[in-house]
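Chain letters run A, B, ... following the sequence lines, proteins first, then strands; residues in each count from 1. Just so it is clear, the values below take in all heavy atoms, side chains as well, and ignore hydrogens, waters and symmetry mates.
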There are 2 protein chains.
Amino acid sequence: MTDDDIATARGGLKPGKRPTINDVARIAGVSKKTVSRVINQSPFVREETRVKVSAVIDELGFTPDVQARGLAFRRSFLVGLIYDNPSPNYVVNMQQGVLDALRGSGLELVVHPCDRANPNLVAEIRAFVERQKLFGVILPPSVSEDEAVIAVLRELDCPYVRIASVSLDEPGRMLVTNDHLGAAEAGRHLADLGHRRIGFISGPALFRSSAQRGGGLRGALAEKGVALDERYVAQGAYTFESGVEAARSLLALDPRPTAIFTGNDEMALGVFKVARDMGLEIPRDLSVVGYDDLPMASRVWPNLTSVRLPIRDMGRMAAEKLLASMRGLDPAKLDQPEVRPSLVVRDSATALTA
Amino acid sequence: MTDDDIATARGGLKPGKRPTINDVARIAGVSKKTVSRVINQSPFVREETRVKVSAVIDELGFTPDVQARGLAFRRSFLVGLIYDNPSPNYVVNMQQGVLDALRGSGLELVVHPCDRANPNLVAEIRAFVERQKLFGVILPPSVSEDEAVIAVLRELDCPYVRIASVSLDEPGRMLVTNDHLGAAEAGRHLADLGHRRIGFISGPALFRSSAQRGGGLRGALAEKGVALDERYVAQGAYTFESGVEAARSLLALDPRPTAIFTGNDEMALGVFKVARDMGLEIPRDLSVVGYDDLPMASRVWPNLTSVRLPIRDMGRMAAEKLLASMRGLDPAKLDQPEVRPSLVVRDSATALTA
DNA sequence: CTCGCCGTTGACACCGGTTTCCTAACGCTT
DNA sequence: AAGCGTTAGGAAACCGGTGTCAACGGCGAG
């Protein structure tokens, strides 16, 4: 193969068109199947042939057509992020992490919000995954906890990684966050600060994390000899507005709680708002601890004490797991890293002043 | 066509497999081309035939394979959102809007962050668009202002909609936000409140919106007979951290500004932080006006006075424009809606106390 | 009655890859 | 030197759709 051959060959290509595998085959003087073998790194190609074909590929700037490849493979090169999390901040952080891991892999990310209250949820997700023949799917809570959705993914033979606060699947398909632990740390912190009337605004019942975080809090308080009064427990929906509403009801109680632990940061901001409206100063009159430690936790005033969940890292790890299963690793044999949250102490919770 | 025929035909399908156009054709007793015509709503199909084929499609639950269709059409059914905006909140809002418009259209959204400082930006975007044969692309600022990127999209014949603060293209390909207007409103507001030493933290130079917002502010102040002292102008990068840095330098001046207008909300929060650190109370000691009016603007304390930009709506409108160009409408003939920002007065800016 | 047109439809090639199956060539053994 | 297994590589079918173009039947016109 001389430069001349290539120049000649090049001249034979239509100008405005991308080179195809046929062009590569013709110019390299091999069959398209051999080119295909080179692309897919088949071991049944002589080194000499491989080099020759690779040179032509580089020279032509050939990249295989994803649609054609997908058609033959019966699989696309798209990763889906299917989420129902109501906190935009949570979603965007996770998405960034997934994109971090996907960069350079040749895979692209398709985002797909959904609603678990929708009776057609399963059908909708089936249509999405089946139509796009997704390479894989990443599921953050709470859609990660929907077994009907998982059943469809298994049926469609679509690899997935679930992110949840309890282990629900094979290690290779799970990313577990020990929410029990994180909430316990928050509970101990508040108890150690002297708080006895502690309020809790939980997430929606549909999220396992709600129960986990509630359980962690309760357990830690019990250890410290503090009982969580159920009147001080309100249910939110992981949104700012729901936090506002729950805080209103809790702070209307007499005596009102001296501290409130919220299921996520978004709701903690709701508590901030209500406290201000009522003329309560945080942390002097009310301590607040959030969960997630979103970037905004350290931007509001007072800086929010929160349980740090490395959401972006979690997105990255989940995507990496997916890539690992692409490389033929058995999901059952992969390890299941547990994400351990940790309390970040800032200014919104302080010792109870007698 | 009787139910029996269908039952028989059904039995002939492999159980685990999706029906293909061939199955539909065989069962309906027509050629696959005719089925294709029905799918694509070709007018050259007799009503009777159309009904018959449609019935079989419904019965079988047939949906065309996007990859095969894409291969033949030389176009996928994916819309790309290519962004370089450093504010996650901005991005997530816009993304939601785009998804609002795409819902039900059969199109999916592929998100693709990028970096304009990357020397390979153009090549990277070309590879992304060309490989995925994107149906269309939505470009928020500042990547929307990169003519080299646009040139590639034109060359690849990929429809796009640009979102920017100045008109740079045909009406059908632009969504313009009149940032000049919004900033002018903010400027008038501050001047009317009696402020004379007004600071401005601009966005990065790469964003046209930075100059637009700066110009709007300057113009409005001039009208009111107030000059914008250039020593009170600092450049930020639309990030919280850059806002902190710029605020530090501005508030270190003597005399310090009595009000600061920031190019976006994210940086306004940076000003909040520095003010607190310096013991300045907003709005008593310092008025602050932001831009974008992100949801968080009304969640922080004090509530941030900000120029409202309906980012989510803009995402939706941009996507709708893209869909319109799909329906064969000529981009040059479409109207070019101008998004008019408006000031939302809250608590962070107040009258100057003598 | 025949021609030509129009609205419909189908046969066949094609999009750009992969998979299946087969052959030729090579190196080794006996 | 013949026999045989192994390996590199090719021809053709296939993945599931769309484009091209010719053919078909029914109609009014000549």
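Closest approach of A:Pro140 and A:Asp84 over heavy atoms only: O-OD1, 4.5 Å. When all heavy atoms of A:Phe44 and A:Arg37 are compared, the pair lying nearest together is O-CD, 4.1 Å. For the pair A:Ser144 and A:Leu168, the tightest heavy-atom approach, listed with the atom from each and the gap, is O-CD1, 4.1 Å.
The phosphate of D:dG10 (OP1 or OP2) has a side-chain N or O of A:Ser31 nearer than 4.0 angstrom. Of the side-chain N and O atoms in A:Thr34, none sit less than 4.0 angstrom from OP1 or OP2 of D:dA8. Residue B:Asn40 places at least one side-chain N or O closer than 4.0 Å to OP1 or OP2 of D:dT18.
Distances were taken from every side-chain heavy atom of B:Arg46 (C-beta onward) to each of C:dT9, D:dG17, D:dG10; the shortest belongs to C:dT9. Of the candidates C:dG10, C:dC15, C:dT9, the closest approach to any side-chain atom of B:Thr49 belongs to C:dT9.
Rounded to an integer number of Å, the gap from B:Phe44 CZ to D:dT18 C1' is 16 Å. Rounded to a whole Å, the CG atom of B:Leu71 is 12 Å from the C1' atom of C:dT18. Atoms CD (B:Gln67) and P (C:dC14) sit 23 Å apart, rounded to a whole Å. As rounded to whole Å, 11 Å separates atom P of C:dT19 from atom CD1 of A:Ile39. A:Phe73 places its CZ atom 12 Å from the P atom of C:dT20, with the value rounded to the nearest Å. Between the P atom of D:dG17 and the NZ atom of B:Lys133 lies a distance of 16 Å, rounded to the nearest Å. In this entry the distance linking CZ of A:Arg74 with P of C:dG16 reads 19 Å, nearest Å. The NZ-P distance, from A:Lys33 to D:dG9, rounds to 13 Å in whole Å.
Note on A:Ser42: nothing from the nucleic acid sits closer than 4.0 angstrom, heavy atoms only. Counting any heavy atom pair closer than 4.0 Å across all strands shown, B:Arg37 reaches a base atom. The residue A:Val30 sits close only to the backbone: its heavy atoms come under 4.0 Å of sugar-phosphate atoms, none of a base.
With sequence neighbours excluded, no residue satisfies side-chain hydrogen bond (donor to acceptor under 3.5 Å, both in side chains) with B:Asn85.
At a cut-off of 3.5 angstrom, the base of D:dG17 holds at least one donor-acceptor pair with the side chain of B:Lys32.
Stacking of B:Arg18 on the aromatic ring of B:Phe62 is not recorded, the 6.0 Å distance cut-off and the 45° axial limit not both being met.
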